[in-house]
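Following: one structure in structure tokens, then a few remarks.
Nothing here was measured: the structure is a model prediction, and the numbers come from that model. Count residues from 1 along the sequence.
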Amino acid sequence: MAGQTDQGESGDAAVASSLARRRSLRLISAAVLVLIVGAIVVVAFVAAPGPTKGVAAAGPTVSVSTDTCGSGWSGHDAGQQSFTLQNTTVAGVETYLQDPVSRATYLDVEGLGTTASVDVNLVLNAGEYQFVCLPADADPVLGPVFSLGPDPEGRTLFANATPGIVPVTRNDMIPIAKQYGAWITAQLPALLVDTQLLQSDIVARNLTAARSDWLTAHLAYEQLGAAYGAFGDLDSAINGMPASGSTALTDPGLTGFHRIEALLYSTAAATDITGPAGQLVAYVSDLQTAFASARIDPLDVGLRAHEILENALQFELSGRTDAHSGTELATVSANLTGTNAALAPLRPLLATRYPPAALADTDAALSAAETLVTSYRHADGTWTPLSALSQTERERINSAIGNAVELLAPVAAICDIRRES
């Protein structure tokens, strides 16, 4: 969904929990493990069990500070590594474990407060490693370089080793954000035409055509999902949800697609819909003008590539956004299109950081989800409503989208801009 703004309450506990995870910018998946311990966030790029809450590290205590970054951890055997990171400064510190040459990062510990500690378990291949300590208001401090040699069995490489990810910089992401922004800019004229056609149908009192053209316009907007942070308040005006305790039909402050949807699929007369349709055209026109000078945050593109389908699970596939058109699956299909559009400019960057098999699995999951969802589109352009699906059918769709969401989570973590200075 393109920034579907919920003007009501946060929803049930599962939705609130998922929103909190999303806002942390660190996402759980098979390739990225996130551990939250109080205010501490530990991100390890793992293919095997990594930092685990409640599992004590059997190794040494490693000091992370401006004076003794990495003190306490010395070279030894490759393989399983267990240690405790402890902040010995008087302020918070972020800590990386990196390859000293390539800067491939194997561990990122955020928000480690003064005197706080966290247990870490990793699997590392033979090679050289270095802790980097990043105090909140000071330059990074490089720890000593340590070597890991063969283990007692002579092994230097491990199938379950924690993969290192070369950090993404703001300079890496700026051209990607610009490329994606250019794509969004190119979509807006057609979106405006679609909404104008919708308005014309309503003025002509042809509500059958209006329902069809409403869907065309709404899906065009829903494909722009990775850009909604740059749309500002216009996103709420164009695609907002009703306030808590109201519906899209009864909320007097609701405007945009869902207001029109509710009216089109009620007993409202065309004259009652003319005003909201004109408002929508004006908002989309304003968006086209405003976006010409807007900038997409480079941090957003990778994150939104994951969030689009996460939102689809939370809102579309729960039925929360439906205002009686029954077009939830059409919206999910548009969200899948939008996800692929957000991934497109990221692919050169991901090619050198995301294992090829994992990226192929992600593409396969997106394709499978699209095939399944579009199987509910009929020849006349209508869609099977979510309410008409059996429990088994809904579970299959939720599973397909959920699988894609999980596989997309590493994209958000890989594209998270990390501090260099």
Side-chain angles (χ1 to χ4, degrees), residues 21 24-66 68-89 91-100 102-136 140-149 151 157-167 409-410 413-414 416 418-419:
R21 288 198 307 273
S24 75
L25 308 186
R26 306 294 186 175
L27 304 158
I28 298 173
S29 76
V32 181
L33 177 65
V34 182
L35 169 66
I36 300 179
V37 186
I40 302 169
V41 178
V42 179
V43 180
F45 302 95
V46 297
T52 306
K53 184 177 181 179
V55 178
T61 296
V62 179
S63 174
V64 290
S65 71
T66 55
T68 57
C69 184
S71 174
W73 196 66
S74 58
H76 44 83
D77 298 340
Q80 181 68 43
Q81 310 295 319
S82 298
F83 51 88
T84 298
L85 286 181
Q86 183 167 25
N87 181 3
T88 58
T89 68
V93 63
E94 183 173 0
T95 305
Y96 299 159
L97 178 63
Q98 293 185 330
D99 180 307
S102 70
R103 296 302 175 193
T105 302
Y106 300 86
L107 180 71
D108 178 355
V109 181
E110 291 186 353
L112 193 61
T114 180
T115 73
S117 63
V118 62
D119 295 325
V120 176
N121 297 281
L122 302 172
V123 178
L124 298 176
N125 290 324
E128 294 188 329
Y129 299 89
Q130 181 180 44
F131 283 100
V132 180
C133 300
L134 300 100
V141 177
L142 302 180
V145 175
F146 298 106
S147 296
L148 298 182
D151 73 353
L157 301 175
F158 299 83
N160 63 340
T162 301
I165 305 297
V166 176
I414 291 169
D416 188 10
R418 286 183 162 74
R419 180 178 162 188

Worksheet item: Step by step, would you call L97 with L124 a side chain to side chain contact (heavy atoms under 4.5 Å, CB included)?
Response: CA-CA 11 Å; L97 178 63; L124 298 176; 3.9 Å; yes

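Considering all non-hydrogen atoms of both residues, P60 and S82 come closest at CD-O, 3.6 Å. When all heavy atoms of S117 and T84 are compared, the closest pair comes out as CB-CG2, 3.8 Å. Taking all atoms of both residues into account, the shortest heavy-atom contact from V123 to F158 is CG1-CB, 4.0 Å.
Exactly one residue among I414, D416, D108 makes a side chain to side chain contact (heavy atoms under 4.5 Å, CB included) with I165. That residue is I414.
Scanning for side-chain hydrogen bond (donor to acceptor under 3.5 Å, both in side chains) contacts around T89 gives N87, with sequence neighbours left out. With sequence neighbours excluded, the residues satisfying side chain to side chain contact (heavy atoms under 4.5 Å, CB included) with A126 are A78, T156. Residues satisfying the side-chain hydrogen bond (donor to acceptor under 3.5 Å, both in side chains) test with D99, not counting sequence neighbours, are none.
A heavy-atom distance below 4.5 Å is not found between the side chains of T95 and V62. Side-chain atoms of L107 and L85, non-hydrogen and from C-beta on, do get closer than 4.5 Å to each other. Put simply, the side chain of Q81 reaches to within 4.5 Å of the side chain of L148, judged on heavy atoms.
S147 contributes no side-chain N or O that, together with a main-chain N or O of V145, makes up a donor-acceptor pair within less than 3.5 Å.
Using bins of under 30°, 30° to 60° and over 60° for the plane-to-plane angle, the ring pair W73/Y129 lands in the perpendicular bin.
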